[in-house]
Amino acid sequence: MTPPEIHAFFARLSAANPAPVTELAYGNGYQLLVAVVLSAQATDVGVNKATRRLFELVHTPAQMLELGEEGLKAHIRTIGLFNSKAKNVIALSHRLVAEFGGEVPDSRDVLETLPGVGRKTANVVVNVLFGQETCAVDTHVFRLANRTGLAPGKTPLAVENGIMKRVKAPWRRDAHHWLILHGRYVCTARSPKCGECAVADLCQFRGKALAAG
DNA sequence: ATCCCGAGGG
DNA sequence: CCCTCTGGAT
């Protein structure tokens with residue numbers, strides 16, 4: 001996509017969604033961090049269902065430690081990978097209490113040292129919580145960047161760098177959210193709804209058959 | 001490259 | 001049934 005096309009691409013997505021926000025439910029920074037960790041390979045709807053009760057009881061890492069790993073598992077058993085996620089959330093909560101006064105660090109590099117937190121999760125947290133211009137590349141962003149031709153890349157990091165290089169203000173800050181929403185509801189993995197897509201004319205893919213490659 | 005692992009959709 | 005869903009650690 002050319003620079004003018006990229007501008008038009010986000011202008012239209014933003015028209016459909018002027019102020020995009022994460023669909024994960026949370027009441028404070030710590031809860032957001034936990035929700036994002038839990039969301040790996042899981043739908044936000046499924047995560048919200050599990051955290052609804054959990055976040056009524058647990059608002060701080062100290063409270064999470066009080067609940068304990070088995071107590072946490074009881075709440076998140078319906079989420080995929082719940083075993084390793086429970087272990088990570090407990091370990092991460094220990095570190096927040098011991099090293100950060102129970103607060104969520106505002107640095108991506110520091111966040112990435114926490115158990116269960118990789119680059120994607122750290123990018124989401126600093127973007128949503130602290131307004132930093134990052135673009136987390138999840139399954140949706142990776143798919144759309146390659147499918148549309150916005151920022152092709154073989155790895156998530158390559159796609160992230162491509163987006164950060166090509167996408168300028170005022171789109172960079174929320175590019176992640178627009179791509180997620182569009183990927184979730186229109187440009188879906190299996191049968192993209194090209195017929196009702198606002199940016200189909202800017203897309204290198206359009207209605208090309210998936211099976212044809 | 002492989003494992004962790006469950007719900008929902010097609 | 002198979003694929004997808006805001007991945008991370010080994």
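Below, read A as the first sequence line, B as the second, and so on, with proteins coming before strands; counting in each chain starts at 1.
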Trainee: Could I get the full list of side-chain contact (heavy atoms from CB on, under 4.5 Å) partners for A/Ala122, not counting sequence neighbours?
Mentor: A/Arg108, A/Leu111, A/Glu112, A/Val117
Trainee: Which of residues 115-135 of chain A sit near DNA chain B, with a heavy atom under 4.0 Å from it?
Mentor: none
Trainee: What residues form a salt bridge (Lys or Arg N to Asp or Glu O under 4.0 Å) with A/Arg52, not counting sequence neighbours?
Mentor: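 Here no residue qualifies.
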Trainee: Going by side-chain heavy atoms closer than 4.5 Å, which hydrophobic residues are tied to A/Val159, directly or by a chain of links?
Mentor: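 A/Met1, A/Ile6, A/Phe9, A/Phe10, A/Leu13, A/Val137, A/Val141, A/Phe142, A/Leu144, A/Leu150, A/Ile163, A/Val167, A/Trp171, A/Trp178, A/Leu179, A/Ile180, A/Val199, A/Leu202, all in the cluster of A/Val159.
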Trainee: Can you sort out the partners of A/Glu133 under salt bridge (Lys or Arg N to Asp or Glu O under 4.0 Å), two or more places apart, ordered by chain and number?
Mentor: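 A/Arg172.
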Trainee: Can you list everything that forms a side chain to side chain donor-acceptor pair (under 3.5 Å) with A/His140? Sequence neighbours excluded, please.
Mentor: A/Arg143
Trainee: Using the side-chain hydrogen bond (donor to acceptor under 3.5 Å, both in side chains) rule, collect all pairs that involve residues 12-31 of chain A, keeping only residues at least two apart or in two chains.
Mentor: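 The answer is A/Arg12-A/Asp201, A/Glu23-A/Arg184, A/Glu23-A/Tyr185, A/Tyr30-A/Ser93.
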Trainee: For A/Phe82, check side-chain contact (heavy atoms from CB on, under 4.5 Å) against everything at least two apart and list the hits.
Mentor: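 Testing A/Phe82 for side-chain contact (heavy atoms from CB on, under 4.5 Å), a comparison that skips the adjacent residues, returns A/Lys73, A/Ile76, A/Arg77.
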Trainee: Output one letter per nucleotide in nucleotides 5-10 of chain B: B when a protein non-hydrogen atom lies under 4.0 Å from the base, S when only the sugar-phosphate is that close, - when neither is.
Mentor: BBSSBS
Trainee: Which pairs, with at least one residue in residues 95-104 of chain A and sequence neighbours excluded, count as a side-chain hydrogen bond (donor to acceptor under 3.5 Å, both in side chains)?
Mentor: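 Passing the test, one end in residues 95-104 of chain A: A/Arg95-A/Glu99, A/Arg95-A/Thr113.
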Trainee: By side chain to side chain donor-acceptor pair (under 3.5 Å), which residues pair with A/Thr155, not counting sequence neighbours?
Mentor: none
Trainee: Let's see if you get this right: which residues in residues 137-144 of chain A place a heavy atom under 4.0 Å from DNA chain C?
Mentor: A/Asp138, A/Thr139, A/His140, A/Arg143
Trainee: Say we look at C/dT6 and B/dC4: how far apart would their P atoms be, to the nearest angstrom?
Mentor: 23 Å
